[in-house]
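First the structure, in the form of structure tokens, and then the observations on it.
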Number of protein chains: 2
Amino acid sequence: MTSEVDGDTTELSRPARRQAEIAAYVVKHGSVSANDLVEAFGVSVMTVHRDLDELERQGVVRKYRGGVSAQPTSVFESNVAYRLNTAHAEKAAIARHARAMIEPGMSVMLDDSTSALALIDLIEDITPLTVATNFLPAITRLSQLRDITLLALGGIYSATHDSFGGMPCAEAVEALHTDLLFCSVSAVSSTHAFHQEEEIVLVKRAMLRSARTKVLLVDHAKLQRTALHRLAPLTDFDVVIVDEKTPQDLIEPLRDHGATVEVAKL
Amino acid sequence: MTSEVDGDTTELSRPARRQAEIAAYVVKHGSVSANDLVEAFGVSVMTVHRDLDELERQGVVRKYRGGVSAQPTSVFESNVAYRLNTAHAEKAAIARHARAMIEPGMSVMLDDSTSALALIDLIEDITPLTVATNFLPAITRLSQLRDITLLALGGIYSATHDSFGGMPCAEAVEALHTDLLFCSVSAVSSTHAFHQEEEIVLVKRAMLRSARTKVLLVDHAKLQRTALHRLAPLTDFDVVIVDEKTPQDLIEPLRDHGATVEVAKL
DNA sequence: ATAACATAACACCAGAAGGCGATAAGAACG
DNA sequence: CGTTCTTATCGCCTTCTGGTGTTATGTTAT
């Protein structure tokens, strides 16, 4: 009743899920009062405020006296899509498929996507290995691993994505050239990859220029949608990995337009 | 009985302290067996191994079958000095003094030092503020703060310092110019600041070039020691902040050589 | 001035994680 | 081939922290 956003919302702490639901609620209603949310979600007013503070920190809503209002949908979309990360099993399958492409001694670049995060859990034992990323959760995890050379891509921190971006980041990327790039996007048409936010596009484009082999990770939810900014034609990627649940009739068009599509088995 | 390293070792989790003590023990004896450590520290062999693994990850010791040996003292020194971070009160005082130099709207650079970390807890309410740092714990904390623009300085991760360095980092620093720099070093003579490791020196030098006002944070333990690499003359810093416990006769020589020294009150 | 709202400060609880050792399985050395 | 050292796995216990509500204090609007 409270949420328009569906999917497998397990793997998410209770408050995190509630926050995502609140975000959806706020976006749907445009602007609501704290008390409305108290009723809608059955928690105390204090908790509502705490949730709203967090959402505001992430740039999803704006608080003012008496309530909150939604920020531009682009922000909401990419944030909530990220938070209420669905399709865990599919992501894992894609990650496993991607992992097979990595060999000891390589250098790998990862972008700020949950798909990339799934990959990290699988590469511990590929050694030696150099990993470059601008994604803070990824950096944190990689810093614990003994045998991996971590190259953090710095830049301006974005609370919405929990990653670093902007010009400083693009420059850091440009100073590198890795063997592999694994990246994801918010939408994929039959010909192009898309993303909501311009600043992110900037960094991803730089990444595409800085890698020898480029791999796009796409779970089926991304397909046949578009988003504001066109990132690159799919033919720019050496491989596009989709999960097994992707309908065959969505895969064909990609191939027809010249993309190399591989299907990750569960 | 086990430790040659003294000081206020509170504020440190039990295993972390033991690990630091083990590190000291290993360095003192050059090389020891796991069983020696079991006896010396009264913990199980399993625990000893776990500690040694962690120390090896940090680059402090080298494991081989039958025991461990110490790494070059330079690594040990800067690592353990960092881990068994003493003089908490003094650091806080220095941080408070430093904080007074920051004004809303400024951009501040912090290096990878515990002194810098202490400062972070105090700047939450200076807003707006931009903070650039290559220190992972600092990055993690700052990423939580709503009103602070965080500029992460990427680079090659060093487990020993828990920070980013190398050429990529130096380049990232060079692309910036901040109003303020707060940094610390491992040793201070009456004329110069010193540091053990060359790669670190590289980054700190870059930082010195990239800030308008440079501030050196020095707790009294650092004074009248030297270390391998000369970082810069003290006159390169606009201000040197020392704590109140610094003996007067150590402060005088600094001033005699032209440094501007300020004493932080507890 | 007073009502409505927001924040701060406490305290509580539960669940997670950390930390440790015992045992057992595995790997290197002689 | 056995001995010694190392690692993996499990289970226990403790500690910590995340998440919450309640009450009290502050703040803003009307």
Side-chain angles (χ1 to χ4, degrees), chain A residues 2 9-23 26 31-58 61-69 83-84 121 124-125 127 137 140-141 143-147 162, chain B residues 2 9-23 26 29 31-58 61-69 83-84 121-122 124-125 127 137 140-141 143-147 162:
Chain A
T2 53
T9 53
T10 40
E11 306 266 346
L12 208 52
S13 72
R14 204 153 82 83
R17 178 164 60 257
R18 186 185 53 240
Q19 281 162 24
E21 286 170 0
I22 287 180
V26 171
S31 110
V32 292
S33 78
N35 280 334
D36 293 347
L37 294 168
V38 168
E39 284 189 29
F41 290 88
V43 292
S44 78
V45 63
M46 196 61 240
T47 298
V48 166
H49 277 291
R50 278 190 275 243
D51 285 347
L52 293 178
D53 285 345
E54 175 57 22
L55 289 171
E56 185 174 49
R57 194 188 71 84
Q58 294 171 16
V61 303
R62 235 186 55 237
K63 283 185 79 170
Y64 52 84
R65 183 175 176 82
V68 291
S69 65
R83 301 292 161 190
L84 322 169
D121 295 331
E124 245 186 282
D125 46 354
T127 162
T140 305
R141 289 202 203 177
S143 71
Q144 321 268 37
L145 303 181
R146 189 173 7 346
D147 297 317
D162 213 358
Chain B
T2 53
T9 53
T10 40
E11 306 265 346
L12 207 53
S13 73
R14 205 152 83 82
R17 176 162 63 257
R18 187 185 52 239
Q19 281 162 23
E21 287 170 0
I22 287 180
V26 171
H29 293 71
S31 109
V32 292
S33 78
N35 280 334
D36 292 348
L37 294 168
V38 168
E39 283 189 30
F41 290 89
V43 291
S44 79
V45 62
M46 196 61 240
T47 298
V48 166
H49 277 291
R50 276 190 276 245
D51 285 348
L52 293 177
D53 285 345
E54 175 58 21
L55 289 171
E56 184 174 48
R57 195 188 71 85
Q58 292 170 18
V61 304
R62 235 186 56 236
K63 283 185 80 170
Y64 53 85
R65 182 175 178 81
V68 291
S69 66
R83 301 291 164 191
L84 335 160
D121 295 332
L122 305 174
E124 246 185 282
D125 46 353
T127 162
T140 305
R141 288 202 204 176
S143 72
Q144 322 270 37
L145 303 181
R146 187 164 24 335
D147 298 315
D162 213 358

Looking at [N], I'd like to know if its phosphate oxygens (OP1 or OP2) sit under 4.0 Å from a side-chain N or O belonging to [X].
X	N	value
A:S44	D:dT20	no
B:S33	D:dC5	no
B:K63	C:dA28	no
A:R50	C:dA6	no

Report the distance from atom [atom1] of [X] to atom [atom2] of [N], rounded to the nearest whole Å.
X	N	atom1	atom2	answer
B:N35	D:dC5	CG	C1'	8 Å
B:D53	D:dC5	CG	P	17 Å
B:H49	C:dA27	NE2	P	16 Å
B:L52	C:dG19	CG	P	16 Å
B:L37	C:dC20	CG	P	14 Å
B:E56	D:dT7	CD	P	9 Å
B:D51	C:dG18	CG	C1'	13 Å
B:D36	D:dC5	CG	P	10 Å

Check your understanding: Considering only side-chain heavy atoms of B:R14, which listed nucleotide, C:dC20, D:dT9, C:dA9, is closest?
Key -> C:dC20
Practice item. Output the single nucleotide from C:dC5, D:dT9, C:dA8 whose closest atom is nearest the side chain of B:M46. Key: D:dT9
Review point. Do the side chains of B:D51 and B:V48 get nearer than 4.5 Å, heavy atoms only?
Key: no
Exercise for review: Could you tell me whether the side chain of B:N35 reaches within less than 4.5 Å of the side chain of B:E39, counting heavy atoms only?
Suggested key: no
Review point. If you count the non-hydrogen atoms of other residues, nucleotides and ligands that lie under 6.0 Å from CD in A:E56, is the total more than 12?
Key: yes
Exercise for review: Report which part of the nucleic acid A:V43 touches: base, sugar-phosphate, or nothing (heavy-atom distance under 4.0 Å, all strands).
Suggested key: sugar-phosphate
Point to revise | N-O pairing of B:E54 and B:R57 below 4.0 Å | key: yes
Review point. If you take all heavy atoms of A:P137 and A:D162, which pair is closest and at what distance?
Key: CD-O, 3.4 Å
Review point. For DNA chain D, whose closest nucleotide is more 5', that of A:R18 or that of A:R65?
Key: A:R18
